[in-house]
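Take a look at the structure below.
Basis for what follows: all heavy atoms, side chains included, without hydrogens, waters or symmetry-related copies. Computed from a prediction, not measured in an experiment: that's the story for all the values here.
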Amino acid sequence: MIRPALSDARRRILTAAASVALLAGTIAVMYRRIMYPPVPRPREDRIRVAAVGDSNTYGAGVLFRGRARRAYPGRLQQILGDRYQVLNYGVNRRTLQRDGDWPYDETPHAAASLASQPDIVLIMLGSNDARGDNWNPERYASELADFAERYRARGATVFLLTPPVAFENRRGVDERIIASEVTPLVRRVASDLHIDLIDVFEVTARTVTSHRDGIHLGARSSALVAATVAGAIRLSRRTPTPTP
């Protein structure tokens, strides 16, 4: 009578262990897809728009809520229509600075965004540069200029985007550095290089009073950014580019 009882207990333990292992495997796969999303595939028959950035480009604030459609690149695709292909090269946690804790340049998305031969490039990197010990204003400004020029050298129209307004958060991102140092430097680099600026910080600071976690764009603020970016793209394609 004891053996069947022990056998039943063992089966229950094995079943529970298998369920835990399956759950752990599923979580690991999901984590990898979130931190290392698939690289998008460009199409030859579209005007290609490369959205390069961190989690606010990826769409972390609308994760599990229709991210592909509701992150700002997805909203931008809806606004611009089928003549365009908006490629989301956003990667979570990434810094512009190569000496940052999670550099964007170390992702396959950095090389892929160049190889896609984009017609338009949207660069929004800087929020994570204001995290922890990452921030170095001189290095950030220099590397931002170099980063933009690598796309311009390939014939792309480049837009520099200031990061969105940030609020108090538990992720180590200093909202004061974003407001008083990162944003002015992006504006300055755009002016120095005669590159179009899209002032996402100014737009969100005027209209957004909070983010769910203090730093990530939600559905409404992503739509606002997309509309602002779409307006800038349409204007640039109707206006001749001035000679620097």
Side-chain angles (χ1 to χ4, degrees), residues 20 23-37 51-75 88-107 109-110 122-137 139-141 143-144 161-186 198-226 228:
V20 169
L23 178 61
T26 301
I27 291 172
V29 170
M30 289 175 62
Y31 176 81
R32 181 165 183 80
R33 286 185 66 85
I34 290 169
M35 296 303 296
Y36 305 97
V52 175
D54 51 33
S55 51
N56 273 316
T57 297
Y58 169 79
V62 289
L63 191 63
F64 307 126
R65 296 195 295 275
R67 181 187 70 82
R69 293 179 294 103
R70 302 178 82 183
Y72 105 74
R75 292 289 194 188
N88 188 339
Y89 290 106
V91 187
N92 288 308
R93 294 185 62 85
R94 298 296 165 165
T95 65
L96 171 80
Q97 295 171 96
R98 290 185 292 274
D99 284 343
D101 51 2
W102 291 72
Y104 185 82
D105 260 350
E106 292 185 359
T107 71
H109 296 66
L122 309 167
I123 300 171
M124 190 168 74
L125 285 162
S127 294
N128 293 310
D129 293 88
R131 182 182 63 233
D133 296 327
N134 287 332
W135 183 237
N136 181 309
R139 187 171 62 212
Y140 176 81
E143 292 189 18
L144 179 60
L161 282 63
T162 54
V165 65
F167 303 95
E168 186 176 352
N169 62 87
R170 297 180 179 179
R171 296 175 183 267
V173 174
D174 192 322
E175 67 273 18
R176 293 165 297 180
I177 290 178
I178 289 177
S180 63
E181 298 190 54
V182 178
T183 294
L185 280 177
V186 176
I198 302 177
D199 205 335
V200 171
F201 181 89
E202 194 274 335
V203 170
T204 52
R206 270 194 291 112
T207 56
V208 178
T209 57
S210 66
H211 303 307
R212 185 184 296 269
D213 61 0
I215 57 174
H216 288 127
L217 297 167
R220 187 178 70 85
S221 49
S222 292
L224 174 66
V225 171
T228 303

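Taken from CD in Glu168 to CZ in Arg176, the straight-line distance is 9.5 Å, to the nearest 0.5 Å. For the atom pair Phe201 CZ and Arg206 CZ, the distance stands at 12.0 Å (nearest 0.5 Å). Atom-to-atom distance recorded for Leu63:CG and Arg70:CZ is 12.0 Å, nearest 0.5 angstrom.
Checked by atom type and distance alone, the side chain of Glu143 pairs as donor or acceptor with a backbone atom of Arg98 at under 3.5 Å. In this structure, the side chain of Asp129 does not engage the main chain of Tyr140 through any donor-acceptor pair within 3.5 Å. Side-chain atoms of Ser222 come within 3.5 Å of backbone N or O of Gly218 as a donor-acceptor pair. A donor-acceptor contact shorter than 3.5 Å is absent between the side chain of Thr107 and the backbone of Pro103. Formation of a donor-acceptor pair under 3.5 Å by the Ser55 side chain with backbone atoms of Ala60 is not found in this model.
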message: Run Tyr104 and Tyr89 through side chain to side chain contact (heavy atoms under 4.5 Å, CB included) and show every step you take.
response: CA-CA 10 Å; Tyr104 185 82; Tyr89 290 106; 3.4 Å; yes
message: Does Thr228 form a side chain to side chain contact (heavy atoms under 4.5 Å, CB included) with Tyr72? I'd like the steps, not just the answer.
response: CA-CA 10 Å; Thr228 303; Tyr72 105 74; over 6 Å; no
task: Check the pair Phe167, His211 against ring pair (Phe, Tyr, Trp, His ring centres under 6.0 Å), reporting the backbone distance first and the verdict last.
output: CA-CA 7 Å; Phe167 303 95; His211 303 307; 5.2 Å; yes
task: For Val186 and Leu161, run side chain to side chain contact (heavy atoms under 4.5 Å, CB included): C-alpha distance rounded to whole Å, both residues' side-chain angles, the deciding distance at 0.1 Å, then the answer.
output: CA-CA 7 Å; Val186 176; Leu161 282 63; over 6 Å; no
- request: For side chain to side chain contact (heavy atoms under 4.5 Å, CB included), just list the numbers for Leu185 and Leu144, CA-CA rounded to whole Å, side-chain angles, deciding distance to a tenth of an Å, and then say yes or no.
  value: CA-CA 9 Å; Leu185 280 177; Leu144 179 60; over 6 Å; no
- request: Step by step, work out the salt bridge (Lys or Arg N to Asp or Glu O under 4.0 Å) result for Asp213 and Arg171.
  value: CA-CA 9 Å; Asp213 61 0; Arg171 296 175 183 267; 3.2 Å; yes
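Inter-residue side-chain proximity for Pro163 and Asn56 is flagged as unmet; no heavy-atom pair is nearer than 4.5 Å. A 4.5 Å side-chain heavy-atom check between Ile198 and Thr162 finds every atom pair outside the cut-off. For the pair Ser127/Ile215, no side-chain contact is recorded, criterion being any heavy-atom separation below 4.5 Å from C-beta on. In this structure, the side chains of Val173 and Ile178 come closer than 4.5 Å at one or more pairs of heavy atoms. Side-chain contact between Arg67 and Asn88 is present, with heavy atoms from C-beta onward closer than 4.5 Å. Thr204 places a side-chain heavy atom less than 4.5 Å from the side chain of Val225.
The two residues Pro73 and Ala51 make their nearest non-hydrogen contact at CG-CB, 3.9 Å. Scanning all heavy atoms of the two residues, the minimum distance from Ala219 to Val62 falls at N-CG1, 3.5 Å. The nearest pair of heavy atoms linking Arg94 to Leu125 is O-CD2, 4.0 Å.
No option in Asp54, Asp101, Asp174 other than Asp101 meets the salt bridge (charged side-chain N to carboxylate O under 4.0 Å, His left out) test with Arg131. Considering Glu202, His216, Met124 in turn, Met124 is the only one that fulfils the side chain to side chain contact (heavy atoms under 4.5 Å, CB included) rule with Pro164.
A donor atom on one side chain and an acceptor atom on the other are not found under 3.5 Å apart for Asn134 and Thr95.
By the neighbour-count criterion of 12 heavy atoms within 6.0 Å, atom CZ of Arg69 is sparsely surrounded, having that number or fewer from other residues, nucleotides or ligands.
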